[in-house]
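Because only heavy atoms are used, hydrogens play no part in the values below, and waters and symmetry mates are left out as well, while side chains stay in. Within every chain, numbering begins at 1; the chains are lettered A, B, ... in the order of the sequence lines, protein sequences first and strands thereafter. Source: prediction; values computed, not measured.
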Amino acid sequence: MPELPEVETVRRGLQGLIVNRTVKKVHHDTPKGFPNTDADVNNFLLGATITGVRRRAKVLLIDLSTEYTLVIHLKMTGQLVFRAAGVAFGAGHPNDSLIGELPDRSTRVTLTFSDESRLYFNDQRKFGWVRLMPTIGVPNIDFMKKVGPEPLEADFTAEEFAQRFERRKKSPIKVALLDQTVIAGVGNIYADESLWGAKLHPQTLVGNITKNQFKKLYSEVRDVMNLSIEKGGSTDRNYVNAEGRRGSYIDFARVFRREGQPCPRCGTIIVKFRAAGRGTHICPKCQVLE
DNA sequence: CACTTGACCTGTCCGC
DNA sequence: TGCGGACAGGTCAAGT
């Protein structure tokens with residue numbers, strides 16, 4: 001589920017909730033979701049204090065005082081939910097939490113802190129993973145070496161954005177947008193939303209896109225993801241923030257999951273079809289394949 | 001090398 | 001209500 005705005009929302013939440021807490025106990029499944037040995041856990045996780053929470057692309061990095069880092073990918077259905085000690089339903093806001101008692105049957109990792117508060121990693125589909133590794137080694141993992149630039153960074157320009165697509169001239173633009181080695185963080189929701197904003201059909205070949213269209217797409221990608229972060233991300237099914245609450249971007253979506261409804265720009269009925277191997281939503285009048 | 005397809009899993013929804 | 005099949009927001013490996 002989570003794309004850049006969702007992972008960033010979780011990061012911000014965790015930053016305020018778990019930094020300076022010390023890990024007292026660890027429970028995890030093995031080995032696919034958590035490949036480390038007991039020795040790793042004993043030496044570098046137990047007794048460690050959380051020093052910070054970072055994000056790169058859709059990957060979360062929880063830094064520890066041992067100079068190790070918990071590297072976490074939520075993939076489709078991963079959740080990281082914090083619970084204060086003795087609070088069953090979401091930090092005193094029971095009505096806002098989508099998540100009930102924890103752990104539940106999707107819980108795969110539990111960190112218990114010294115004050116008995118807990119961080120749960122839940123993952124229904126089990127595509128996600130948590131892995132403990134030396135902080136210094138994080139930039140060397142394959143994904144980090146290949147992943148493209150962060151599109152929301154202040155110094156990321158429209159020119160650089162357009163340049164990143166140059167090697168994918170024969171790809172449909174939606175495929176290239178979803179390719180994490182081109183730019184980081186865009187997934188299916190924000191691909192559809194930004195292509196609608198730029199009035200580009202998802203199957204338009206990159207090589208046929210003009211400089212001005214790229215400029216527009218650049219602003220749309222940034223605007224859409226910034227708006228989503230402001231709204232706490234998109235909760236379509238599984239996604240929740242670090243307190244188990246939903247995000248509201250989906251209420252502001254223009255095309256995603258809006259098939260059968262009118263295009264907010266021209267009133268034409270939004271249609272859904274398959275492109276780039278994914279469910280794809282467009283306004284057939286605003287987004288015409290040249 | 002670039003592009004496509006299938007695999008990884010479980011849960012839900014839709015049609016019969 | 002039950003059952004089969006399609007589908008779900010992400011990546012990676014293997015195949016063409």
Side-chain angles (χ1 to χ4, degrees), chain A residues 1-10 29-35 55-60 71-80 98-100 104-108 121-131 141-148 164-196 202-207 221 224-225 228-229 231-241 246-260 272-281:
Chain A
M1 35 148 87
E3 306 180 30
L4 187 153
E6 288 73 30
V7 180
E8 177 61 18
T9 302
V10 172
D29 65 355
T30 180
K32 192 178 157 270
F34 193 109
R55 177 189 61 75
R56 176 73 171 100
K58 300 172 191 172
V59 177
L60 274 168
V71 184
I72 303 174
H73 203 307
L74 303 174
K75 290 288 183 85
M76 302 279 255
T77 55
Q79 305 171 328
L80 281 170
L98 294 186
I99 311 295
D104 64 22
R105 64 177 163 167
S106 74
T107 300
R108 320 230 346 254
F121 171 63
N122 298 334
D123 185 19
Q124 192 174 85
R125 284 173 79 177
K126 301 185 180 175
F127 289 172
W129 42 262
V130 177
R131 123 180 204 206
I141 64 182
D142 284 348
F143 177 86
M144 293 298 177
K145 285 195 286 195
K146 290 189 304 187
V147 71
R164 296 293 304 176
F165 288 88
E166 277 176 10
R167 72 189 165 86
R168 302 296 303 266
K169 285 196 185 303
K170 289 180 181 170
S171 301
I173 183 62
K174 178 160 179 178
V175 171
L177 265 180
L178 293 173
D179 180 346
Q180 301 297 296
T181 71
V182 176
I183 57 164
V186 179
N188 205 37
I189 298 175
Y190 305 108
D192 282 5
E193 290 289 291
S194 56
L195 288 168
W196 178 87
Q203 287 166 324
T204 309
L205 295 186
V206 168
V221 166
V224 157
M225 293 210 287
S228 183
I229 291 171
K231 301 299 176 190
S234 299
T235 296
D236 189 40
R237 282 201 165 78
N238 291 271
Y239 168 72
V240 291
N241 68 16
R246 63 188 300 114
S248 67
Y249 177 83
I250 212 82
D251 301 337
F252 300 84
R254 286 82 53 93
V255 287
F256 188 81
R257 283 283 163 112
R258 295 209 178 269
E259 61 270 31
K272 181 177 180 184
F273 62 104
R274 242 179 145 65
R278 322 295 294 278
T280 297
H281 312 74

[N], OP1 or OP2 - any side-chain N/O from [X] closer than 4.0 Å?
| X | N | answer |
| --- | --- | --- |
| His73(A) | dT11(C) | yes |
| Gln180(A) | dG10(C) | no |
| Arg278(A) | dC7(C) | no |

Check: Applying a 3.5 Å limit to both distances, which nucleotide forms a Watson-Crick or G-U wobble pair with dG11(B)?
Finding: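 Paired with dC7(C).
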
Checklist line | Nucleotide forming a Watson-Crick or wobble pair with dA2(B), both distances under 3.5 Å | finding: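 Paired with dA2(B), as far as the under-3.5 Å criterion goes, is dT16(C).
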
Note to self: Under 3.5 Å, is there a donor on one side chain and an acceptor on the other for Thr280(A) and Lys272(A)?
What the structure shows: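 The criterion, which ignores hydrogens and geometry beyond distance, is not satisfied for Lys272(A) and Thr280(A).
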
Next item on the list: Report yes or no: do Asp179(A) and Thr181(A) form a side-chain donor-acceptor pair below 3.5 Å?
Entry: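 Asp179(A) vs Thr181(A): donor-acceptor pair found between side chains.
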
Next item on the list: Return yes when atom CZ of Arg56(A) has more than 12 non-hydrogen atoms of other residues, nucleotides or ligands closer than 6.0 Å, and no otherwise.
Entry: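 Counting other residues, nucleotides and ligands, CZ of Arg56(A) exceeds 12 neighbours.
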
Margin query: Students often mix this up, so state it plainly: with edges at 30° and 60°, are the rings of Trp129(A) and His73(A) parallel, tilted or perpendicular?
Written below: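 The arrangement is tilted - the two ring planes meet at 30° to 60°.
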
When we call it a touch if two heavy atoms are under 4.0 Å apart, what does [X] touch: a base, just sugar-phosphate, or nothing?
| X | result |
| --- | --- |
| Ser234(A) | base |
| Asp236(A) | base |
| Arg257(A) | sugar-phosphate |
| Lys272(A) | sugar-phosphate |
| Gly128(A) | nothing |

[X] [atom1] - [N] [atom2] separation (whole Å):
| X | N | atom1 | atom2 | answer |
| --- | --- | --- | --- | --- |
| Asp123(A) | dA8(C) | CG | C1' | 13 Å |
| Lys146(A) | dG10(C) | NZ | P | 16 Å |
| Lys170(A) | dC1(B) | NZ | C1' | 11 Å |
| Gln79(A) | dG10(C) | CD | P | 16 Å |
| Glu193(A) | dG9(C) | CD | C1' | 12 Å |
| Asp179(A) | dT11(C) | CG | C1' | 11 Å |
| Arg168(A) | dA2(B) | CZ | P | 7 Å |
| Lys58(A) | dT11(C) | NZ | C1' | 9 Å |

Notebook entry, point to check: Pick from Asn238(A), Thr107(A), Thr77(A): which one makes a side-chain hydrogen bond (donor to acceptor under 3.5 Å, both in side chains) with Asp123(A)?
Noted result: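 By the side-chain hydrogen bond (donor to acceptor under 3.5 Å, both in side chains) criterion, Asp123(A) pairs with just one of Asn238(A), Thr107(A), Thr77(A): Thr77(A).
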
Taking the [atom1] atom in each of [N] and [M], what is the distance between them to the nearest angstrom?
| N | M | atom1 | result |
| --- | --- | --- | --- |
| dG9(C) | dC3(B) | C1' | 22 Å |
| dA13(C) | dC9(B) | P | 15 Å |
| dT12(B) | dT11(C) | P | 23 Å |

Checklist line | Backbone of Lys58(A) reached by a side-chain donor or acceptor of Glu3(A) within 3.5 Å | finding: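 Such a contact is absent between Glu3(A) side chain and Lys58(A) backbone.
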
Check: What one-letter contact string describes nucleotides 7-14 of chain B from 5' to 3', where B marks a base within less than 4.0 Å of any protein heavy atom, S marks contact via sugar-phosphate atoms alone, and - marks no contact?
Finding: -BBBS---

Checklist line | Out of dC3(B), dC7(C), dG9(C), whichever nucleotide has its closest atom nearest the side chain of Arg274(A) | finding: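 The listed nucleotide nearest to Arg274(A)'s side chain is dC7(C).
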
Checklist line | ring-ring contact (aromatic ring centres under 6.0 Å, His included) between Tyr239(A) and Tyr249(A), intermediate numbers included | finding: CA-CA 12 Å; Tyr239(A) 168 72; Tyr249(A) 177 83; over 10 Å; no

Next item on the list: Kindly indicate whether the side chain of Leu80(A), heavy atoms from C-beta on, has any atom under 4.5 Å from the side chain of Val240(A).
Entry: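 Leu80(A) vs Val240(A): side chains apart.
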
